[in-house]
Amino acid sequence: MLNYIKKSAVIIWILFLVFFLTLYVIQPSIFTTDFLVEFISKFKNEMMIVYIILSLIRGFFLIPSTPFVLSGAILFPDKLLWVLLISMCGIMLSATSLYFFSDILGFSNYFKKKFPNKISHWKKKLRHPKSIYYVILWSFFPFVPTDLMCYASGLIKMPFKNLFIGVFIGEIILVSIYTYFGNSLWGLIF
């Protein structure tokens with residue numbers, strides 16, 4: 001029964017990913033800051049609740065957090081600290097979920113068979129006590145998906161505290177920049 005539930009969850013998750021990937025290819029404008037601002041603005045009285053929900057669930061579909069952070073800064077310029085806190089909660093929930101679900105989804109055996117040398121190489125690096133620095137740099141660098149690091153860390157059983165602290169430090173810096181300077185930059189452009 002547990003195996004059936006596990007397979008069903010993986011299939012549903014993959015279907016959602018395929019759906020969002022297809023949507024991204026067909027209609028990439030849906031994943032822009034402008035669209036998110038417009039979409040969330042439709043819910044005048046519930047804007048903050050919609051923003052919180054979207055920020056918390058976006059990680060399950062491997063959607064980058066950047067458009068959500070910028071949208072929050074634009075929509076709530078007087079609540080930037082809240083935008084920062086909500087964004088970080090969403091990012092940390094995503095990081096934690098991907099870390100722990102990576103093995104449950106069953107991809108670890110596939111990657112171990114397909115890329116044994118690379119898995120061995122990254123196991124050494126990410127199980128090292130100083131692995132937290134790799135995670136901080138990876139999380140801070142805006143052009144690489146942090147979700148990928150979280151997933152890989154779960155697969156190779158990196159110490160969770162190193163991942164959590166590294167993602168938090170790297171992302172808090174990046175999200176703070178997006179929140180406080182992104183709002184200012186947006187105001188200058190538009």
Side-chain angles (χ1 to χ4, degrees), residues 8-102 104-105 107 138-152 154 163-164 167-190:
S8 297
V10 169
I11 290 170
I12 291 169
W13 183 67
I14 289 173
L15 288 174
F16 270 112
L17 286 178
V18 168
F19 171 76
F20 281 110
L21 182 60
T22 304
L23 192 61
Y24 181 75
V25 169
I26 293 170
Q27 199 75 24
S29 63
I30 290 175
F31 296 93
T32 64
T33 302
D34 292 333
F35 179 84
L36 288 169
V37 167
E38 184 181 323
F39 176 77
I40 295 171
S41 295
K42 290 179 185 176
F43 302 94
K44 298 268 185 239
N45 297 329
E46 303 87 8
M47 278 197 322
M48 184 58 85
I49 293 169
V50 171
Y51 179 70
I52 291 170
I53 291 168
L54 289 176
S55 293
L56 292 177
I57 66 168
R58 63 111 206 124
F60 291 103
F61 304 107
L62 304 177
I63 299 171
S65 63
T66 302
F68 291 87
V69 175
L70 292 173
S71 298
I74 294 164
L75 286 168
F76 310 108
D78 55 331
K79 298 178 182 172
L80 294 179
L81 181 59
W82 279 108
V83 170
L84 177 69
L85 293 173
I86 292 164
S87 299
M88 286 305 299
C89 285
I91 290 166
M92 298 316 294
L93 176 67
S94 174
T96 302
S97 300
L98 286 169
Y99 178 89
F100 287 109
F101 288 143
S102 62
I104 292 171
L105 293 173
F107 294 127
W138 185 291
S139 298
F140 178 73
F141 193 66
F143 302 109
V144 293
T146 302
D147 293 339
L148 182 61
M149 170 59 79
C150 300
Y151 184 77
L163 173 79
F164 193 87
V167 168
F168 184 82
I169 292 170
E171 289 289 338
I172 193 78
I173 297 166
L174 188 61
V175 172
S176 295
I177 292 168
Y178 285 161
T179 302
Y180 291 100
F181 296 111
N183 185 29
S184 301
L185 183 61
W186 186 267
L188 291 173
I189 295 172
F190 299 99

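The CZ atom of Phe76 lies 9.5 Å from the OG atom of Ser71; values are rounded to the nearest 0.5 Å. The structure places OG1 of Thr179 at 9.5 Å from CG of Leu81, a figure rounded to the nearest 0.5 Å. Once rounded to the nearest 0.5 Å, the distance linking CG of Leu84 with OG of Ser176 reads 4.5 Å. Atom-to-atom distance recorded for Ile177:CD1 and Tyr180:OH is 12.5 Å, nearest 0.5 angstrom. Between the OG atom in Ser87 and the CG atom in Leu80 there is a gap of 10.0 Å [rounded to 0.5 Å]. One finds the CD1 atom of Ile91 at 3.5 Å from the OG atom of Ser65 (value rounded to the nearest 0.5 Å).
Tyr51 places a side-chain N or O within 3.5 Å of a backbone atom of Phe68 that can act as its donor or acceptor partner. Here the side chain of Thr22 pairs a donor or acceptor atom with the backbone of Val18 at under 3.5 angstrom.
Closest approach of Leu75 to Met47, counting heavy atoms only: CD2-SD, 4.2 Å. Pairing each heavy atom of Pro64 with each of Arg58, the nearest pair is O-CD, 3.9 Å. Smallest separation of non-hydrogen atoms from Leu174 and Ser139: CD2-O, 3.7 Å.
Under a cut-off of 6.0 angstrom, the local environment of CD1 in Ile49 is sparse, with at most 12 non-hydrogen atoms contributed by other residues, nucleotides or ligands.
Counting only heavy atoms from C-beta outward, the side chains of Ile63 and Ile57 never approach each other to under 4.5 Å. Using a 4.5 Å heavy-atom cutoff, the side chains of Met48 and Val83 are not in contact.
Results of the side-chain contact (heavy atoms from CB on, under 4.5 Å) test with Glu171 over Ile173, Val167, Ile169 single out Val167 as the only residue that passes.
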